[in-house]
Amino acid sequence: HDRSASKGLMTVHPQHSFLFRHVGTDSDPQQRRRQAMLGCAPAHSLFEIVETKVKRKPGVDAPRSIADYDLPSLDQVRAELRARVSSGVEVELI
């Protein structure tokens, strides 16, 4: 269960979670840590990547549960997500 300005009130489904880790790109480890703290990609661009993978089922106007969405298998999207994220960002599918 999570509450934040960017996501509002939400619950995370444990079988379809996307974890984006900002790791930096610099060759100097100290500078790379600074980059990672600031973030290596804007949140909206990472949300857009996920948004293209999760769709409402046909005929569902107002989803009320996870069952109202067509969710891809994690194996289907793993390579594509990793190819689309910015350098300095790692993605894990949980």
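Just so it is clear, the model here is predicted, and its values are computed rather than measured. Each residue takes its place number in the sequence, starting with 1.
The two residues Ala36 and His22 have their closest heavy-atom pair at CB-O, 3.1 Å. Here the shortest heavy-atom pairing between Asp68 and Val60 reads CB-CG1, 3.8 Å. The two residues Tyr69 and Lys57 come nearest to each other via the heavy atoms O-CE, 3.4 Å. Between Cys40 and Ser86 the shortest heavy-atom distance is O-CB, 4.0 Å.
Here the CZ-CG distance, from Arg34 to Asp28, works out to 7.0 Å after rounding to the nearest 0.5 Å.
In this model, no donor atom of one side chain and acceptor atom of the other lie less than 3.5 Å apart for Gln30 and Arg33.
Between the side chain of Arg56 and the backbone N or O of Asp61, at least one donor-acceptor pair lies under 3.5 Å.
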Note to self: With side chain to side chain donor-acceptor pair (under 3.5 Å) as the criterion, how do Arg32 and Gln35 come out once you've worked through the C-alpha distance, each side chain's angles and the decisive distance to 0.1 Å?
What the structure shows: CA-CA 5 Å; Arg32 189 170 48 246; Gln35 286 177 336; over 6 Å; no
